[in-house]
Amino acid sequence: MIDIFGIPIQAFLGQILLGLVNGSFYAILSLGLAVIFGLLNVINFAHGALYMLGAFLAWMGMQYLGLNYWVMLVVAPILVGIFGMILERLLLRHLYKLDHLYGLLLTFGIALMIEGIFRSFYGVSGQPYPTPESLRGAVNLGFMILPIYRGWIVLASVIVCLFTWFMIEKTRLGSLLRAGTENPKLVEAFGINVPLMITLTYGFGVALAGFAGVLAAPVLQVSPLMGANLIIVVFAVVVIGGMGSIMGSIVTGLGLGVIEGLTKVFWPEASSTVVFIIMAIVLLLRPAGLFGKEK
Amino acid sequence: MTALALEIKDLQAWYGESHILHGVNISIPKGQVITLLGRNGAGRTTTLRALLGLTGTRKGSIKVHGVEAINLPTHKIAHLGIGYCPEERGIFASLSCEENLLLPPQLNGTTAGDKGMSLAEIYEMFPNLLERRNSPGTRLSGGEQQMLAVARILRTGANILLLDEISEGLAPVIVKTLARMITTLKAKGFTIVMVEQNFRFAAPLADHFYVMEHGEIVEQFPASELAAKQDTLHTLLGV
Amino acid sequence: MGLTCVFNHYFLKLMHNMSDLILETKNLTKEFLGFVAVNDVNLQVQRGHIHALIGPNGAGKTTCFNLLTKFLPPTSGNIFFNGNNITAEKPAQIARRGIIRSFQISAVFPDLTVLENVRIGLQRQQNNSFHFWKSNQCLHELDDQARELLAEVDLLEFENEITSNLPYGRKRALEIATTLGMKPELMLLDEPTQGMGHEDVDRVTQLIKKVSAGRTILMVEHNMNVISSIADKITVLARGATLAEGNYQEVSRNPAVMEAYMGTSQGELEGAH
Amino acid sequence: MNRQILGYALFAIVAASLPAFGIYPIFIMKILCYALFACAFNLLLGYVGLLSFGHAAFLGSAAYASGHAIKVWGFSPEMGILYGILIAATLGFVIGGLAIRRSGIYFTMITLAMAQMVFFFFLQAPFTGGEDGLQGVPRGHLFGLLDLKNDLNLYYMVVGIFMIGYFICWRTVNSPFGQVLKAIKENEPRAISLGYDVDKYKLLAFVLSAAIAGLAGSTKMLVFVSATLSDAMWQMSGIVVLMTLIGGVGTFIGPVIGAFIVVMLENKIGDFGRMIADTTGVQWFSSLGESVTIVMGLIFIICVMAFRKGIVGELAHFFTARQSKSQ
Amino acid sequence: QEISDDIIKIGFITDMSGVYSDLDGPAGGEAIKMAIEAAGGEINGKKIELVTADHQNKADVASAKVREWIDQGKVDMIIGGTNSATALASAAVAAEKKKPYISIGAGSTALTTTHCTPFTIHYAYNTKALANVTGSAVYNQGGKDWFFITADYAFGHSLEQDTINVVKAAGGTIKGTVRVPLSTTDFSSYMLQAQTSGAQILGLANAGGDFINSIKAASEFGVTPGMKPAGLLVFINDVHALGLKATQGLYLTAPWYWNQDDESRAWSAKFEERIKRKPSFVQAADYTAAETYLKAVKETGTDDGEAIMKWFKSNTINNFFAKDAMVRKDGLMIHDMYLMQVKTPEESKGPWDYYNVVEKIPGEKAFGPESESTCKL
Ligand SMILES: Nc1ncnc2c1ncn2[C@@H]1O[C@H](COP(=O)(O)OP(=O)(O)OP(=O)(O)O)[C@@H](O)[C@H]1O
Ligand SMILES: Nc1ncnc2c1ncn2[C@@H]1O[C@H](COP(=O)(O)OP(=O)(O)OP(=O)(O)O)[C@@H](O)[C@H]1O
Ligand SMILES: [Mg+2]
Ligand SMILES: [Mg+2]
């Protein structure tokens with residue numbers, strides 16, 4: 001058996017892979033945050049709650065309507081997106097002229113409410129969500145037994161991230177979005193309905209969160225607090241990656257997942273803090289984040 | 001009397017608290033080319049921006065092809081057939097040259113007649129852009145960026161063009177290209193509002209001149225009176 | 001050029017360097033991600049002058065100011081104030097040396113009263129600005145001094161008004177009063193008359209003239225009337241670089257300046273573009 | 001000034017007599033601790049314009065520090081509190097020093113993340129008791145004289161501490177230093193250009209705020225004889241924002257009123273829900289007590305959307321508006 | 001001595017909405033209500049009342065609530081539900097105020113050792129009993145090398161330590177432990193560590209939702225066929241949630257099982273009528289504890305804390321939950337424990353028919369002799 005720093009290589013590789021799974025969630029969530037921050041300049045504190053909402057919708061679909069995982073994997077993000085758009089239209093929209101901090105506070109309030117409502121109906125203990133039939137079981141990778149579903153998480157999130165990246169970097173829609181981030185006023189002067197674009201972007205960003213929620217449902221319990229615990233780490237990821245940078249979010253999300261996974265092996269006590277420590281260091285050295293542009 | 005493409009009455013505008021435009025009146029018949037002259041800071045750029053609702057508060061009346069636009073959101077105003085080429089060019093750094101070019105949507109507002117130029121026509125007019133089509137927008141030279149900024153709005157089918165200092169910082173040869181382009185556009189029936197420091201560039205092109213000072217129109221005359229107004233112009237603009 | 005001439009030239013230059021130059025930049029350059037906003041500028045401001053910085057939009061005037069006050073770090077080059085190299089100092093340090101700036105967009109403290117605005121500036125002399133345990137009653141010692149300054153800019157009657165209620169022109173005047181309170185050796189004014197009505201422009205112009213006594217002023221201004229009436233020396237920037245320098249007569253006849261700044265007015269220039 | 005003193009005296013008299021009316025002293029002490037915490041927070045948000053989302057770190061660290069000092073090292077209560085303040089201020093110096101390098105949203109996120117780090121530290125450090133918390137800290141005798149086991153004695157001490165803390169906040173704002181803070185808040189670049197090294201001022205304000213938050217934390221620890229993770233959790237940072245927002249950012253009594261409302265809500269909303277459930281017959285309301293967060297979230301949203309000035313701010317605005325109309 | 005304030009008021013504080021809410025929670029409250037109803041709602045004309053609260057698994061919430069109840073709410077006795085951290089905090093307050101505190105759902109031995117008080121009764125079980133019974137059963141089945149996944153707070157530490165003592169005393173080895181925060185949902189990384197440790201037994205020193213999640217993760221990552229899980233504290237609700245397929249063969253320790261005798265079945269039927277599911281042993285203990293307390297009040301004629309405590313410590317307790325049980329001086333109630341094994345799906349006759357009783361362990365043996373207690377009372 002080969003050891004790395006006294007840890008068998010199997011365990012090492014295994015933890016890297018698990019880190020990648022967690023990193024997948026970080027990546028999708030921070031991607032959504034980045035998209036939203038880019039165009040709206042709002043730190044979407046409700047992101048975690050909407051992630052939770054996605055998971056719950058999947059669970060409710062199964063519980064009450066008998067809809068299976070694959071249906072909900074499509075439907076739940078759409079519903080979350082629509083919900084987000086309603087939020088944007090009714091509430092967030094009125095705050096753009098004010099200090100960005102109000103956006104943060106508003107979404108914080110929204111997060112509290114959504115979480116509170118689900119708590120009052122379902123308690124904080126999680127609801128189990130079965131792994132879809134077709135993704136049950138595990139493959140033996142030699143160094144570890146990887147449940148197929150975990151592999152699917154990494155695959156699905158990489159696909160979604162790359163798809164989003166492609167949409168934003170390579171399509172006309174994306175060019176509108178990027179241009180809107182740079183100079184929304186001018187884009188509007190070209191005749192583009194920027195307010196609508198903002199609504200849709202917010203919808204899309206939170207739909208990503210919803211998607212992550214559905215992905216997470218079978219591995220984590222579907223619980224009202226699942227988002228609250230995750231969101232702060234994701235914030236840190238966004239800050240490290242560079243606020244608003246798409247590729248930054250994806251790469252940092254996955255990377256930090258892995259680093260966190262490794263910390264669990266080498267220095268378990270620090271595993272929950274390592275992301276914040278990295279954040280502090282990055283901020284000292286590169287205030288705009290690893291991939292962020294200095295403004 | 002020909003139909004007015006643009007009719008601005010008593011337009012006032014503010015940036016935050018500073019009151020920049022103090023009641024601007026301009027009427028432009030369809031197909032005319034006019035030039036706004038004035039010193040730095042006279043408020044010409046602000047006039048264009050106010051037309052599109054890009055300033056802070058604004059008051060007064062703006063009719064685009066007879067449609068009142070003072071209360072419309074910016075993107076709707078654009079759909080009335082206005083294309084805007086900003087002073088700072090507004091090339092998007094995160095977009096390639098061609099993406100920049102393709103960015104503004106085709107306007108099919110009520111009165112925007114033309115279909116707009118095709119990409120091929122545009123590349124024909126500005127061969128430089130064809131060459132640089134894949135480089136990031138802000139890597140283009142200043143002149144190329146300027147061309148791009150103008151070319152960008154030609155595709156949209158807008159028939160009222162607001163061109164802010166398009167000749168600024170450009171080599172004579174490009175300025176000539178631009179002059180030719182404006183002549184062509186004029187022939188095609190475009191209505192054009194130019195803001196120019198470069199009087200020599202603007203003089204032969206414009207049908208009508210307006211001179212601004214401190215946010216007001218202080219003088220206006222048709223091209224035919226240009227010679228006669230030399231002295232006035234000199235006192236108003238010259239150092 | 002005769003030998004004496006050459007000698008005189010150098011002698012004069014030496015003299016300048018020794019005493020008369022309050023501010024000097026050497027090869028000052030600022031790049032933003034490859035874009036050169038200020039390019040190798042050698043600015044020399046003489047003590048006691050009203051020195052105007054003009055140039056087309058985007059010429060780099062505001063950036064220049066930001067460099068001088070260290071709101072932006074220069075990419076290269078040096079800045080000397082009274083012969084001392086201040087290139088490495090922090091904004092607040094620069095201010096304490098006596099270089100006080102105003103901003104292109106009005107810079108007052110909107111929710112404080114007019115009197116308090118001026119006092120903020122004066123307070124620094126008291127050396128108690130970290131004393132969180134002291135009553136702010138002690139600030140009233142500064143009231144008289146503050147009122148004097150307000151009187152100087154005709155704002156005395158507004159002393160207890162909340163600043164945000166003042167008309168725009170008055171705010172600019174207040175800004176100047178606050179700046180004066182710092183007893184600056186060198187005042188940097190960025191477009192002090194921007195956004196003002198005619199009367200305000202005149203008043204502020206006169207005010208600048210008035211306060212220039214005994215100190216040096218470096219100002220950015222678009223309004224040529226203002227410049228022609230008060231500026232002793234003008235530096236023209238274009239595309240980040242110095243284009244011309246001299247008094248109003250010299251500069252206004254300079255064809256390059258006409259070209260860059262006004263565009264051509266037909267009669268005078270040929271051949272360009 | 002005289003009116004201030006009068007108001008102060010009035011407050012002292014009312015506060016002193018409350019227990020006589022049968023009001024539960026611990027309840028009021030809790031409000032006072034939170035109120036002090038909110039005042040400390042407001043010192044930053046209201047007077048320097050810095051939104052810290054990590055103030056729980058200071059509350060918690062002081063609570064743990066003084067709890068540990070009193071329980072394990074046998075400190076007297078007053079020394080324990082001082083020690084707590086010292087720790088909170090030191091932590092404030094470190095976190096503040098990092099955070100003030102950036103402004104706006106970034107500042108907020110950094111404070112949040114740093115506080116989260118502190119939280120995890122407390123979760124894992126051996127002396128905090130992890131999830132169990134530090135329980136059963138002896139209250140001891142104040143200056144060796146006053147037995148704080150007696151709720152009433154403790155109550156008067158807490159009222160005293162609150163008044164001192166409140167006074168420090170008030171004094172800070174109304175000091176030469178406070179004047180500079182106001183200037184920085186309103187126009188930071190201008191303050192720099194006038195020669196103020198704003199980072200130093202911000203840092204001092206941050207440390208002061210952390211110290212007073214620490215005072216609140218240590219006091220709260222004495223009241224509940226325990227220090228637990230919930231003191232350091234980010235939700236606590238959210239609550240203090242809420243209290244300040246409800247009461248009125250940048251007003252003096254705002255945070256106090258906000259604290260009162262939030263604590264009332266936390267404690268009484270269950271009864272209120274049960275009342276509604278009884279009258280309307282909708283059973284769901286009876287679980288309202290368990291879902292204080294819904295109500296808090298709702299209040300948050302309402303405050304941000306409609307009452308950005310908070311109760312005190314809106315009232316003040318209303319009265320000045322009426323005054324200027326009548327004039 | 002009289003009934004204070006002319007009302008007998010019981011306070012019940014537990015996790016009403018968190019990871020432990022299924023095995024105690026609101027249904028535990030209902031069980032106490034059943035006991036009050038069974039007593040006729042009054043004793044000698046004095047009304048019996050119940051107040052309940054959710055401590056959200058937070059020690060500070062629990063202690064503040066208990067303090068307020070006693071100071072303000074005229075509560076005479078506290079029944080503490082799940083979570084040891086909250087129990088330790090509440091017990092301290094109750095003792096300060098001289099009110100009986102009956103701990104039901106909490107397992108930490110600290111309640112009757114290092115943190116014992118004259119007013120604490122540790123009623124249903126403790127980690128030491130669990131460790132003694134399950135630990136030695138698993139060890140005797142050949143489980144010599146252990147790896148622990150431990151809930152990171154009082155209860156988990158205590159359970160882990162007690163089991164380690166048992167295993168080590170028997171000659172086994174500990175290959176490692178990881179401490180996991182309460183309510184963790186993702187156990188994958190810990191499973192990997194368990195796997196690489198090379199131990200035979202996966203000791204799960206956690207409970208409720210945490211236990212469920214770790215069992216799931218273990219089977220997902222292929223840990224379990226290779227390693228054998230030992231659930232150190234397993235409730236019937238957990239087995240219900242996981243299903244027999246995932247849990248069959250698991251050894252566990254419980255003080256009570258609804259299907260163990262007629263008396264228990266009868267009460268459980270009543271409970272099921274109300275709650276629509278079978279009771280966990282905690283809920284049965286809630287009921288019988290309240291029942292016993294009310295009996296104590298009736299017999300002593302007072303709700304005074306010291307008198308009640310004296311009654312408890314000088315009488316044997318007999319009910320369907322515990323036979324011939326005694327409360328020791330340190331507050332620990334000694335009663336019989338059962339080693340159970342989870343049935344296979346084929347063995348089970350239907351929902352909730354989950355356990356085979358393997359062995360009945362006498363209280364003294366399960367909880368250890370009083371001489372081992374470190375309580376200084
Ligand atoms: N965003 C802004 N905020 C505040 N004031 C502004 C802003 N933009 C321009 N101004 C001020 O408004 C006035 C008019 O500016 P404008 O840009 O319209 O001038 P202009 O006539 O276009 O001159 P030029 O383009 O040569 O600078 C100037 O005094 C300018 O400083
Ligand atoms: N932070 C920055 N990043 C990138 N480019 C900048 C930045 N600040 C200024 N510039 C650019 O530098 C050039 C000079 O700007 P500056 O504000 O100094 O011009 P100015 O001479 O003051 O013009 P105006 O008369 O319009 O105020 C402009 O092209 C501007 O876009
Ligand atoms: Mg400028
Ligand atoms: Mg009683």
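Labels below follow one simple rule: chain letters A, B, ... track the order of the sequence lines, proteins then strands, and each chain is numbered from 1.
Both the backbone and the side chain of D/Lys200 come within less than 4.5 Å of a heavy atom of chain C. There is no contact between D/Leu181 and chain C, counting heavy-atom distances below 4.5 Å. Contacts between D/Ile192 and chain C at a heavy-atom distance below 4.5 Å involve backbone atoms as well as side-chain atoms.
No more than 12 heavy atoms of other residues, nucleotides or ligands sit less than 6.0 Å from atom CZ of D/Phe93. The number of heavy atoms from other shown groups lying within 6.0 Å of CZ (D/Phe307) does not exceed 12. For CG of D/Leu203, the number of neighbouring non-hydrogen atoms (other residues, nucleotides, ligands) closer than 6.0 Å is greater than 12. Under a cut-off of 6.0 angstrom, the local environment of CE in D/Met305 is crowded, with over 12 non-hydrogen atoms contributed by other residues, nucleotides or ligands.
A side chain to side chain contact (heavy atoms under 4.5 Å, CB included) with C/Phe109 is found for exactly one of D/Gln179, D/Glu186, D/Lys182, namely D/Glu186.
The two atoms that bring D/Ala183 and C/Ile120 nearest to each other are CB-CD1, 3.6 Å, heavy atoms only. Listed here is the closest heavy atom pair of C/Phe71 and D/Pro189: CZ-O, 3.4 Å.
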Open item on the list: The test is side chain to side chain contact (heavy atoms under 4.5 Å, CB included); show your working for D/Leu194 and C/Thr178 and say whether it passes.
Closed with: CA-CA 9 Å; D/Leu194 291 179; C/Thr178 312; 3.9 Å; yes

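With hydrogens and angles disregarded, no donor-acceptor distance shorter than 3.5 Å links the side chain of C/Gln123 to the backbone of D/Val180. Side-chain atoms of D/Arg190 come within 3.5 Å of backbone atoms of C/Glu175 as a donor-acceptor pair (strictly under, hydrogens ignored).
Rounding to the nearest 0.5 Å gives a distance of 10.0 Å between CG of C/Leu112 and CG of D/Asn187.
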